[in-house]
Amino acid sequence: MINLENISFDHCIKCTVCTVYCPVARVTHLYPGPKFSGPDTERLRIKNPALIDESLQYCNNCKRCEIVCPSDVHIADIIRLASLNSPKKEFKLRSLVLTSTDLIGKLATRMSTVVNGLMGLSVTRFLLGLFLGLASERALPKYASGTFRKWYLKQQHLQMAFQNRVVFFHGCYVNYNDPELGKSVLQVLNRLDTGVLITPEKCCGIPLISNNRITKAKSQARHNIDVLRKAVGETGMKIVLTSSSCCLALDHEYQNLLELDTTGIQGQVELLTKYLFERFAQLPDPGLKPIKLKAAYHAPCHLEHMGGVVYTVELLKKIPGLDLQVLHSECCGISGTYGFKAENYQISKDIGQNLFDQINTLQPDLVITDCETCKWQIEFNTTYKVVHPITLLAKAMKN
Amino acid sequence: MKFDSIIVGGGIAGLICGIRCAAAGLKCTIISSGMSALHFASGSIDLLGRSPNGDIIYDPFSQLPTFIDQYPQHPYAKCGETVIAESLSFFTREIEEQSLQLCHNEQNNHFHLTTFGTLTPTYLSQQSVYSPELDRAFTESRKMALLDFEGFRDFHIPLVKANLPQHTLFKNREIITGTVPLTPLIESLKNPHEFRSIDISRMFETEKHLLQIAKSIDQLAGDGEIVGLPACVGFIKHNEVYSRLQKLTGRLIYEIPTLPPSILGMRLDHHLKSRFSELGGVFIAGDKVIGGKIQSGRLSEIYTQNHESTPLQADAFVLASGSFFSGGLISEFSGMKEPVFDLALSYEKDRKDWAADQFFQAESHPYLEFGVKTNEQLNPFDSSGQPIDNLYCAGALLAGYNPIREGSGGGVAISTGYYAAENIIKANAPIGAERHD
């Protein structure tokens, strides 16, 4: 049966504009491009879902094809759904490792020194490459000692004192890798007279979606929708995020890709920079301290897709003294777990090369981006330090 | 979020309007949903190619005054000759600022070849399509090579070659044909039939491939001084690749537009966008404006698909959302509409009058002249007939001209986009001066 509600592929006029701007098709012929993998072959898959092309796995889900499509075809969704619904599923230990962010994070933060030390060894990386198919060249993310949640629970009572409150969906990165960013979020929001609540959240599910683990992705998404819905209740509170990809999951993928009922949270989800931009407009000038640095801003693909770049940029422009250079928008190539896979390592590096070149030419003091995996990619491939916009803002707001 | 001017539509009209606004120091944003029609265009700018009775126009600037008198509702009549001329020089300057060379035949039209091997009059082209050197070579030399690429499906030499002798320029010309092999350059198992113009232009941008291609061109072109190629000679690095290829082959390279994606048009798109950002403009891609608040003849804010609850505000707005193809105009069974603000349109109510009897008919289709009605300043009217003072319309959604029959699409987009910007700058001047104090 053809689902008549999902025939956006039929609006494709075969103009090939998506393939022109596809970062993967630009660097490798192994990927035939979004037009072929999406609307072209969707016709065949509708007849028989088994007619699935293995080149689909090269799509990095950056969603740039959807931004450029003149005919409003949901190309990236078509490709992702085709992979997710593929009847040819094979179990891969690697997928389990890459997607169990909560489990691994919980263990790693308890013994971060040991884990970070081990992961830094080339022999570990060699073994991970050999047994799991991870790119052994790539440095693995460092874990923090202790989680953000643990720190937060000690401050929870203070947050209730604020009349204006938001729910902060911190995501795995803040919790396990960078609790300092979470602390900055509280500092900034509290300064703007806003209390921060959290929920017993699970990983947003983006890695699960990218690795075709749809059942697990759905169950985690349902859990998140439930706890967030309960927290928001009738208050109309906003759900704010620091990670652009988690934001995309909550705001877009849950409803459009996983086809879940998002009533109660739909329309409440916002990237923190957008929320702050609006909050600044409501309140008297908090008096930001100057930061005299030359910073290059990289817009993550998923933020481009959600149209949030302008808010981050305008927010950063409020910091006095900051020489902000917005880089020409290009995919960095990591795309979450994509660039960690051995077979994608070179592709991922080649995609990002234009961006790395731009940064190297500019020679900034630091690079700013809203996405944690973009940060890992840029730090691994250039010599520059990458920070989150909120980290910088918190610095400008310090008493 | 508040801007001085917000432009809806990232095509050629919106971009030139944005560049003009940003150059004047206005805080300006362009909201664009999907890539523009430049990806389907020849990349040459037509000003006025044919007279109302279908004759080729050689000297558009001397014809304009009569043309304007004859069609007082035409967008050209609203802009006036001075603005039209000014806008074209502005466009040329801004593109050249990005080091893409544009050429015109003084005040006259020149011709560019089409994918089908027909000749079309146009006013402004990239130097690989028209330049004084190419012009001289076509007059002096009789021999030309016409080459395509192995497996390339968007350009067909036999078709082009069959059409060429119809034109005096090619009538007695000896044409050598050949195909540049690509298989030896492909490292993967990809079939060259899968290559589109963009893949081939990336091969041109790769030095080791360029050397091979140049060698093949040299062998195939025999003693042809001019080498005609489907327009794939580099995309972003075109300038560098073009001069390098001419040096390597010792011949003049002549680009012919291909089927979409059209690299010639994409080069303009790329350079216009870079220029806009360079001047401080904010380009918001992949978002759609869904409506706005209009009160007593003024538009105060607009809403987009991505941020329904967060309005964008500005002193002035421009609607440059294109024609039917780009979604700026919508045709339904019972009528036509402008989907964002439901502006008043000029069109024939009876559906039978929308199209000509035959698909290819010299007088073209009436629907091409349908569109948004505006006053002399390019302000449209709301559905009740009241003009909206701070909203301007530019480009293909305007009524009163037929880009196909007249050969005027690029010229109208550039001149109306520029004129809208000039009107905004004029209206904003006193307020702007206060704000910058």
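This one's a predicted model, so the numbers in the text were calculated from it and none came from an experiment. We name chains A, B, ... by the order of the sequence lines, and we start the count at 1 in each one.
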With a 4.5 Å limit on heavy-atom distance, are the side chains of [X] and [Y] in contact?
X	Y	value
A/Y311	B/T310	yes
A/Y21	B/M35	yes
A/P70	B/F40	yes

Got more than 12 heavy atoms from elsewhere within 6.0 Å of [atom1], [X]?
X	atom1	answer
A/K318	NZ	yes
B/K208	NZ	no
A/E54	CD	no

Leading residue by heavy atom contact count with chain A [cutoff under 4.5 Å; candidates [options]]:
options	answer
B/E308, B/H39, B/K273	B/H39
B/R196, B/Q305, B/H307, B/K288	B/H307
B/S277, B/P260, B/P261	B/P261
B/G322, B/G286, B/A37	B/G286

Measuring heavy-atom distances to chain A, does [X] have an atom under 4.5 Å in its side chain, in its backbone, in both, or in neither?
X	answer
B/D154	neither
B/F283	neither
B/I236	neither

For this session: First locate atom CE of A/M306, then atom CG of B/D287, and finally report the distance between them rounded to the nearest 0.5 Å.
Result: 12.0 Å
Exercise. At what distance, to the nearest 0.5 angstrom, does CD1 of B/I198 lie from CZ of A/R26?
Worked result: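 Between atom CD1 of B/I198 and atom CZ of A/R26 there are 10.0 Å.
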Check each atom of [X] against the heavy atoms of chain B and say whether the ones under 4.5 Å are side chain, backbone, both or neither.
X	answer
A/K35	side chain
A/D251	neither
A/H252	neither
A/C15	both
A/V20	both

For this session: Using a cut-off of under 4.5 Å on heavy-atom pairs, state which of A/H328, A/R64, A/E278 scores highest against chain B.
Result: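 Looking at each of A/H328, A/R64, A/E278 in turn, A/E278 comes out on top.
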